[in-house]
Participant: 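Structure below; questions to follow.
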Amino acid sequence: MTSPASSSEVKYLIESSEGNTFDVSGAALRQSNTFNAMFLNIGADGPIPFTDYNEATLKKVFEYCEHSVNEENYSGPKHQDDLSKWDLNFFNEMDQKMFIDVINASNFLDIERLTSYCCERIARMLRGKNTQEMIKVITLPTAEELEAKQKVEEKKAAAAKKVAEKAAETAEKTETLEELPVQQLVQTTRNKLTRKYLSFSNE
Amino acid sequence: MNQPFTIFFLSSVALRHVFQFLNPIELFEISQCSRKATNIISGTKRFEMSVESSSGSIVFNNYSFMALGRNRQAEYPPTGIRVFDGNTESADVCYLSENELLIYWDCPYIGFKTVLSHLVHLFNSTTSHLGLKNVSMPPHICLSIVELIRNRQTEIDSLAISSTTMSVEDISRIVNQFKVSESLEIYQYFPSDPNIPFTSKSVYISSSSWITLKHLNSMKHCTVIRLRESTLTDEDMTSFLESWNSGECPNLQYLLIRSNVLSKNFKVFGLPSLQDEVNKQWFEKRICGISPIIYCPVEYKRDDGVVAKIHFDKNDGDIQLMVM
């Protein structure tokens, strides 16, 4: 589905790292500031490739977005005690690997509410602890693990670049309709993605 | 998620989000676990700190790190070791409360500087208050602390100095390093003019015998002026108060001059007396972080309608003026 997202009924196809595609509503997708910057006004020609994240992770992220479509606008982090039963279940049923993948994906997609809740949840594990106590609740990666992670990050940065190129390509196609705004939008997109790319490569 | 959490598998951007939820002491603790954490914290968090050498404390909001000598550790025995300054130094530590970390050093002065240097870099901090009021801290340490802070800023809200070890030149050098915006306090005797600029809203000098009318006139922009052990004369005070009367001190809210050379019958503005012996009232006002009190004053109304309470205590040689 490839039309501009002007109403919540619009569905978009999302492509995962496995090459699988699935539907997400425009309303859910609009919670992603990355999506808003790249595709909201110009639409997408074909599936949107978020191919640095797997299907399970993306589905989990957009499950959250679909659920919070009707919630009031995000206005800063909520205390975990104020989370709804649904939110608590959502977080509690994830294993650690999925939780980390969801944070990283949510962070890339710039979904403020989900990122904030996840990060606050991790901060709670560390809160009030000294170094020795922190070491008990966190695992420090080995040099090999860090190296492997570095490679993954580089791969993700390349994927992010691909997404940007796709957005730019789509923008060029719609250029005749809205020439100036689209060009500005693409430039904004490129700038944003360059920043993301830089932030990944700097790790 | 009961097994240890592989937090450093999060992207740096996500870790930055996590760290936003932690206080300065928690951030210090996590920085001890990983260089990556240190880099992220120093690239993200920017706290303002208050540095006070008399207590050996470095305070961020309500969280304090205190450098103490080892002789104090019997009171609060160490519970761990932390590393400082790029892992080159280590020290025993103890939590006094969840907001206060005590750090023990063989030499508390060097320790204080080491902790300060570490935290300045970790939190990429600027300093809002610098108190060099540890009278016996060696001058070279005081100067290197100033240098450390000066490398990151040229302005500071508040500066307080008291030292028996520093020379007039040292003090003058320190004060001239910063533009002090809020409060300058000097608890030091100078045998001669130390050539200090008065840029702050509030000035307090405990031994102000070197202050002349020229210096006082350079404080006309101040909100609070407090000078003790002054040698200002009746003529000096009359001249300054007349300046205020003609509107030349637009911000002045409180003035206290204690001078032992003022005559016992000092008067100004044509008032018959500067002490109300009948209505023994007192007035207090919160100004620039202090709450001065003025006892038995007389009221004076300027031509422009500004009302002030003024009082002269002939026994102490205290002149006080409080704008109401």
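Values reported hereafter were calculated over all heavy atoms of this structure, with side chains retained and with hydrogens, waters and symmetry mates removed.
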Participant: Could you grab the distance from atom CZ of B:F21 to atom OG of A:S116, nearest 0.5 Å is fine?
Facilitator: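 Interatomic distance, B:F21 CZ to A:S116 OG, rounded to 0.5 Å: 3.5 Å.
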Participant: Between A:C119 and B:H17, what is the shortest heavy-atom contact and its length?
Facilitator: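 Looks like SG-CB, 3.2 Å.
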Participant: Looking at B:N23, is its backbone amide N or carbonyl O close enough to the side chain of A:R127 to form a donor-acceptor pair, meaning the two atoms are under 3.5 Å apart?
Facilitator: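 Side chain of A:R127 to backbone of B:N23, a donor-acceptor pair under 3.5 Å: no, none is there.
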Participant: What are the two closest non-hydrogen atoms of A:I100 and B:F9, and how far apart are they?
Facilitator: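 Between these two residues, the closest heavy atoms are CG2-O, 4.0 Å.
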Participant: What do the steps show when you test B:V18 against A:I103 for side-chain contact (heavy atoms from CB on, under 4.5 Å), and what is the final call?
Facilitator: CA-CA 10 Å; B:V18 173; A:I103 296 173; 5.9 Å; no
Participant: Looking at B:N39, B:I25, B:I30, which one has more heavy-atom pairs under 4.5 Å with chain A than the rest?
Facilitator: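 Highest number of pairs under 4.5 Å: B:I30.
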Participant: State whether the side chain of B:E29 and the backbone N or O of A:T131 hold a donor-acceptor pair below 3.5 Å, judged by distance alone.
Facilitator: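 Between the backbone of A:T131 and the side chain of B:E29 there is a qualifying donor-acceptor contact (under 3.5 Å).
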Participant: To the nearest 0.5 Å, how far apart are CD1 in A:I135 and CD in B:Q32?
Facilitator: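 Atom-to-atom, A:I135:CD1 and B:Q32:CD are 9.0 Å apart.
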Participant: Which distance, rounded to the nearest 0.5 Å, do you find between the CG of B:L22 and the CD of A:E120?
Facilitator: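 Output value for this atom pair is 9.5 Å.
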Participant: Around atom NZ of B:K113, are there more than 12 heavy atoms of other residues, nucleotides or ligands at under 6.0 Å?
Facilitator: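 Atom NZ in B:K113 is not crowded, with 12 or fewer foreign heavy atoms closer than 6.0 Å.
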Participant: Are B:I7 and A:L126 close enough that some pair of their side-chain heavy atoms sits under 4.5 Å apart?
Facilitator: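 With C-beta onward as the side chain, the pair touches.
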Participant: Are there over 12 heavy-atom neighbours, none belonging to B:R152, within less than 6.0 Å of that residue's CZ?
Facilitator: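 Yes, CZ of B:R152 has more than 12 neighbouring heavy atoms, counting only those of other groups under 6.0 Å.
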Participant: Between A:Q96 and B:T6, is there a donor-acceptor pair closer than 3.5 Å when you use the side chain of the first and the backbone of the second?
Facilitator: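 Yes; at least one donor-acceptor contact below 3.5 Å.
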Participant: Using modelled atom types and a 3.5 Å cut-off, is there a donor and acceptor pairing between side-chain atoms of A:N104 and backbone atoms of B:L10?
Facilitator: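 Side chain of A:N104 to backbone of B:L10: no pair is present.
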Participant: In this structure, are over 12 heavy atoms from other groups packed under 6.0 Å from B:R173 atom CZ?
Facilitator: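 Not more than 12 within 6.0 Å, no.
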Participant: Looking at every heavy atom in both B:Y95 and A:N130, which two are closest together, and how far apart are they?
Facilitator: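 So the two residues come closest at CE1-CB, 3.8 Å.
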Participant: Do you know which two heavy atoms are closest between B:C33 and A:M134, and how far apart they sit?
Facilitator: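 Heavy atoms only, the tightest pair is SG-CB, 4.3 Å.
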Participant: Between B:T79 and chain A, which part of the residue has a heavy atom less than 4.5 Å away: side chain, backbone, both or neither?
Facilitator: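 Contact with chain A: backbone only.
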Participant: Roughly how far, to the nearest 0.5 Å, is the CZ atom of B:F5 from the CD1 atom of A:I122?
Facilitator: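 Spacing of CD1 (A:I122) from CZ (B:F5) equals 4.0 Å.
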Participant: Under a 4.5 Å heavy-atom cut-off, does chain A meet the side chain of B:E98, its backbone, both or neither?
Facilitator: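 The answer is neither part of B:E98.
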